[in-house]
Protein chains: 2
Amino acid sequence: MTAYKSYPKFFVSVDCIIFGFKDGCLKVLIHQRPYEPGMGEQSLIGGFVQKNESVDSSAKRILREFTGLDNVYMQQLAAYGEVERDPGERVISVVYYALINVDNYDTQLADIHNAKWVDVDDLPTLCFDHNDMVQKARHMIGEIIKNEPIGCNLLPRYFTLSLLQTLYESILGTSIDKRNFRRAISEKDYIQATGMIDKESSRRGATLYRFKK
Amino acid sequence: MTAYKSYPKFFVSVDCIIFGFKDGCLKVLIHQRPYEPGMGEQSLIGGFVQKNESVDSSAKRILREFTGLDNVYMQQLAAYGEVERDPGERVISVVYYALINVDNYDTQLADIHNAKWVDVDDLPTLCFDHNDMVQKARHMIGEIIKNEPIGCNLLPRYFTLSLLQTLYESILGTSIDKRNFRRAISEKDYIQATGMIDKESSRRGATLYRFKK
DNA sequence: TAAAAAAGTGTCGAAACCACACTTTATGTT
DNA sequence: AACATAAAGTGTGGTTTCGACACTTTTTTA
């Protein structure tokens, strides 16, 4: 028998910061909270951990419920545990961030939940401590993208170097010199040119690249 | 009224990875679990979150109970939420790492709890997922010390450059060239020479340094 | 007084990083 | 048809950072 009986129990929620890259901007998927407290306020995508699922699985489930996506790049950010962070009842939240390709998610599911993309640099006031969470996650992916090719999760299968650069710029919040960027990227070995040319986004046409597996 | 009633609640624990620097090695404070499940097994310092404290406060309280220390460098590592991670009952654990000066903690308190220092490179098998937690925390402080002067939390007030280098080596698990190390450190501006000379640790005597505030 | 032990100190080459400007190519407009 | 526009694509040189590398100094102990 365990000796835990006398300890209190808590609601444990999961909040997901779902990043997407759209119109040259880093976006976050938010929706209106459908229940109290904070009903009608803008909120991250979230839900409660269930009895028979791990916290990680819970995050995956919630992501799937809102986007239809599985097998997504998703990492834990932190646990938020202030006593009064949720004004209704005490809830401890474990926060995840996910990077998704905005061409793939299920827009019908998103509509059902009133989910919409907002620019990460122009975030509305979100409920509770959700703005803090987004800032922290944004900083985190900025650190990670300097070393790891996580951009593959945000971009379409084929992309131009200009688009890739725009992605880096919008994540890092800086502008990057085009030649330096291209040199740095070509020294890594995770992207490769396909023979294809994209004629949509420029008059001249640009080589399409893809991430290697 | 909130709509949370139907959701399950969980025990939430805090585990603390308390790092210290002793005998030229990075150490972790562990003790024998005094209750089931896993009674008698080696365990990180931990406890349960209480009703009226935040998770952060809970970590501080637990650290204080085992070491007598307050105002310690302490950061959240992650939440661990596998369903079966604790074989007794479902417990979600939020893990913190702390860096303490081993000269300052309350050894009587530590004795009461059967706490002892073990070398982080020669860790016994700990209960549950505690070994994973330590590995992750160790990696984390390795990353952080490259950029931030967190060594100040582990060292005595005055220290020699050799001791500082040994600290870096034991955290990073590498050996570092003495001249390169001294150059790198002197380019930062967070330590300064005191006029004092330490005659204990070497025949010749070495300049004592301290961290600036 | 000789041996031992740790402190302390500088240089050079390689690699990474940053700033910087013009040509090419296709399209759309006049 | 030619001209304007818009984005693609491409190289160099200076600066800074990083890593490798060895000997002298100082004091204690045998």
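The chains referred to below are lettered A, B, ... by the order of the sequence lines, with proteins before strands, and numbering in each begins at 1.
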Salt bridge (Lys or Arg N to Asp or Glu O under 4.0 Å) filter on A:Glu143, not counting sequence neighbours, yields A:Lys146
For A:Gln192, the side-chain contact (heavy atoms from CB on, under 4.5 Å) test, sequence neighbours excluded, returns A:Arg210, A:Lys212
Those residues at least two apart in sequence (or on a different chain) that pass side-chain hydrogen bond (donor to acceptor under 3.5 Å, both in side chains) with A:Thr207 are none
Residues at least two apart in sequence or cross-chain that pass side-chain hydrogen bond (donor to acceptor under 3.5 Å, both in side chains) with B:Arg85, listed by chain then number, are B:Asp129
Residues passing the ring-ring contact (aromatic ring centres under 6.0 Å, His included) test with A:His139, sequence neighbours excluded, are none
For A:Asp121, the salt bridge (Lys or Arg N to Asp or Glu O under 4.0 Å) test, sequence neighbours excluded, returns A:Arg138
Phosphate-side-chain proximity, B:Ser162 and C:dA6, N/O vs OP1/OP2 below 4.0 Å: no
task = Look at all strands and tell whether B:Thr160 reaches a base, only sugar-phosphate, or nothing, counting heavy atoms closer than 4.0 Å.
result = nothing
Applied to residues 162-189 of chain A, the ring pair (Phe, Tyr, Trp, His ring centres under 6.0 Å) test, sequence neighbours excluded, yields A:Tyr168-A:Phe181
Span of DNA chain D engaged by chain B, first through last nucleotide within the 4.0 Å heavy-atom cut-off, is D:dC18 to D:dT28
Contact string for nucleotides 23-30 of chain C, one letter per nucleotide 5' to 3', B = base within protein heavy-atom range under 4.0 Å, S = sugar-phosphate only, - = neither, reads -BBBBS--
Sequence neighbours excluded, the answer for side-chain contact (heavy atoms from CB on, under 4.5 Å) partners of B:Cys127 is B:Arg33, B:Glu41, B:Ser43, B:His130
Would you mind writing out the side-chain donor-acceptor pairs for residues 195-205 of chain B within the sub-3.5 Å range, not counting sequence neighbours?
from	atom 1	to	atom 2	distance (Å)
B:Asp198	OD1	B:Glu200	N	3.2
B:Asp198	OD2	B:Ser201	N	3.3
B:Asp198	OD2	B:Ser201	OG	2.5
B:Ser202	OG	B:Gly205	N	3.0

Residues in residues 166-182 of chain A with a heavy atom under 4.0 Å of DNA chain D, by number, are A:Lys178, A:Arg179, A:Arg182
To the nearest angstrom, the CZ-P distance between A:Arg183 and C:dC20 comes to 14 Å
Value for CG (A:Asp111) from NZ (A:Lys116), rounded to nearest 0.5 Å, stands at 12.5 Å
